[in-house]
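A quick note: this is a predicted structure, and the numbers were derived from the prediction, not measured. Note on naming: letters A, B, ... go to the chains in the order of the sequence lines (proteins, then strands), and numbering restarts at 1 for each one. The basis for the numbers below is simple: all heavy atoms, side chains too, and nothing from hydrogens, waters or symmetry mates.
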Protein chains: 2
Amino acid sequence: MDYQNYVQILKAMADPNRLKIIDLLSCGSLCACDILEHFNFSQPTLSHHMKVLQNAGIVSARKDGKWQHYTLNEEFMTSFKKDTDLLLTSDDQCICHSDADCPNCSSGKVAITNEKN
Amino acid sequence: MDYQNYVQILKAMADPNRLKIIDLLSCGSLCACDILEHFNFSQPTLSHHMKVLQNAGIVSARKDGKWQHYTLNEEFMTSFKKDTDLLLTSDDQCICHSDADCPNCSSGKVAITNEKN
DNA sequence: AACTAATATAGATGTTTGTCTATGTATAAG
DNA sequence: CTTATACATAGACAAACATCTATATTAGTT
């Protein structure tokens, strides 16, 4: 799996305020000023958070006159859940399979989830 | 949902090395020295990372002689996926429902996913 | 008892990050 | 054209964080 992208997403989510923004957007699109009303921090701080969320591919923005409308990316929601499953599942893509000295691989502990081999 | 706990988990995961540790442990339990072999950082650094993962409830440790065996918590894996689903779904627990001025609530955009009301 | 191996703790350090104030830019309204 | 509104950018700063070296602790071994 693509660690870099997944870590960037996790970092973007790992802030209580940005998490709240994601939660807000999960109800539907919102413009910056509507989001800002839910917080105590300044407008530039929100601007910064929205940029972090956009850079991580979590949120996309659409400009409409003076307003910026933010929407949760459908692709993020599906791929994040998929990557999480991939991470927490012992499968062929497990990192230890590329390591000949891995105790779990050599001891056969992974065999149960690797029956096709 | 419990933001505090979820954010703590996200913060613990939002580091490339700790993410790799989680991936390693998803194949089965490992002791500290086995984990350390996969990295270039020092032993105290690993000790620090393992503590972060334990404090977040992601990993639990069992001492066996000189060795510390680390295991991915089953409870973390299930609750993390559940919380993620909860976050990314517009449902009754959506944060905006506690806010009378929320544009999405007042405009009825959420109605589709809230048919029982 | 002395030694070695596995891990933890303490303290220092450079980097990242969340936040702020001040200011710039773009769009609409009067 | 001036003014107000919505948002972005620049730069500063304190707190959090990842890492290191040095040292302590714990448990086997000789």
Side-chain angles (χ1 to χ4, degrees), chain A residues 3-25 29-71 101-104, chain B residues 3-25 29-71 101-104:
Chain A
Y3 269 35
Q4 283 201 302
N5 180 49
Y6 190 61
V7 168
Q8 193 184 6
I9 287 175
L10 287 170
K11 276 189 179 170
M13 294 175 74
D15 173 89
N17 289 321
R18 285 197 294 264
L19 199 63
K20 192 172 163 184
I21 293 171
I22 293 174
D23 206 356
L24 285 167
L25 290 177
S29 298
L30 289 172
C31 73
C33 54
D34 285 332
I35 298 174
L36 190 58
E37 282 180 357
H38 291 83
F39 297 95
N40 290 321
F41 51 63
S42 66
Q43 175 268 320
T45 296
L46 176 67
S47 210
H48 165 254
H49 284 315
M50 296 317 294
K51 179 150 284 182
V52 171
L53 291 172
Q54 286 181 81
N55 288 342
I58 295 175
V59 157
S60 54
R62 172 180 50 85
K63 191 161 190 178
D64 175 28
K66 288 187 295 184
W67 292 276
Q68 277 282 12
H69 289 270
Y70 293 105
T71 312
D101 298 329
C102 173
N104 282 327
Chain B
Y3 269 36
Q4 283 202 303
N5 181 47
Y6 190 61
V7 168
Q8 192 184 7
I9 288 176
L10 287 170
K11 276 188 180 172
M13 294 176 74
D15 173 271
N17 290 322
R18 285 197 294 265
L19 198 63
K20 192 172 162 184
I21 293 171
I22 293 174
D23 205 356
L24 284 168
L25 291 175
S29 298
L30 289 172
C31 72
C33 54
D34 285 332
I35 298 174
L36 190 57
E37 282 180 356
H38 291 83
F39 297 95
N40 289 321
F41 52 61
S42 66
Q43 174 268 320
T45 297
L46 177 66
S47 210
H48 164 253
H49 283 314
M50 297 318 296
K51 179 150 286 181
V52 172
L53 291 172
Q54 286 180 81
N55 289 340
I58 295 175
V59 156
S60 55
R62 172 179 49 85
K63 192 161 193 181
D64 174 28
K66 289 186 295 186
W67 292 275
Q68 278 281 13
H69 289 270
Y70 294 105
T71 311
D101 297 329
C102 174
N104 282 326

Euclidean distance, atom [atom1] of residue [X] to atom [atom2] of [N] [Å, nearest integer]:
X       : N      : atom1 : atom2 : value
A/Leu46 : D/dA6  : CG    : C1'   : 11 Å
B/Arg18 : D/dC17 : CZ    : P     : 9 Å
B/Leu30 : C/dT7  : CG    : P     : 11 Å
A/Arg62 : D/dC7  : CZ    : P     : 12 Å
B/His69 : C/dA6  : NE2   : P     : 12 Å
B/Asn55 : D/dA16 : CG    : P     : 15 Å
B/Asp64 : C/dT7  : CG    : P     : 10 Å
A/Leu36 : C/dT19 : CG    : P     : 12 Å

Compare the minimum distances between each of [options] and the side chain of [X], then state the nucleotide with the smallest one.
X       : options                : result
B/Asp15 : C/dG18, C/dC20, D/dA18 : D/dA18
A/Lys51 : D/dT9, C/dA6, D/dT19   : D/dT9
A/His49 : C/dA10, C/dT19, D/dA6  : C/dT19
A/Ser42 : C/dC20, D/dC20, C/dT7  : C/dC20
B/Lys63 : C/dT27, C/dC20, D/dA27 : D/dA27
B/Lys66 : D/dA27, D/dA6, C/dT7   : D/dA27
B/Tyr70 : C/dT27, C/dA8, D/dA18  : C/dA8
A/His48 : C/dG18, D/dA18, C/dA22 : C/dG18
A/Phe41 : D/dC7, C/dT19, C/dT7   : C/dT19
B/Gln68 : D/dA8, D/dA27, C/dA8   : C/dA8

Do B/His49 and B/Phe39 have ring centres separated by under 6.0 Å?
->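 B/His49 vs B/Phe39: aromatic centres not under 6.0 Å.
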Can you check whether [X] reaches [Y] side chain to side chain, under 4.5 Å on heavy atoms?
X       : Y       : result
A/Ile35 : A/Met50 : yes
B/Gln68 : B/Cys31 : no
A/Tyr70 : A/Ile21 : no
A/Lys11 : A/Val52 : no

Under 4.0 Å between any heavy atoms, over every strand shown, what does A/Phe39 touch: base, sugar-phosphate, or nothing? Just pick one.
->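 Nothing: the residue A/Phe39, judged by heavy atoms under 4.0 Å, touches no strand.
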Report the residue (A/Pro44 or B/Met50) whose heavy-atom-nearest nucleotide on DNA chain C is the more 5′ of the two.
->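 Final value for this comparison: B/Met50.
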Residue met sooner reading DNA chain C from 5', once A/Asn40 and A/Gly65 are mapped to nucleotides |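 Counting from the 5' end, the first nearest nucleotide belongs to A/Asn40.
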Do B/Gln43 side-chain atoms and B/Ala32 backbone N/O form a donor-acceptor pair below 3.5 Å?
->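 Flag not set: sc B/Gln43 to bb B/Ala32 has no pair under 3.5 Å.
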When only distance counts, do a donor and an acceptor, one from the side chain of A/Gln43 and one from the base of D/dA8, lie under 3.5 Å apart?
->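 Such a pair is found, so the answer is yes.
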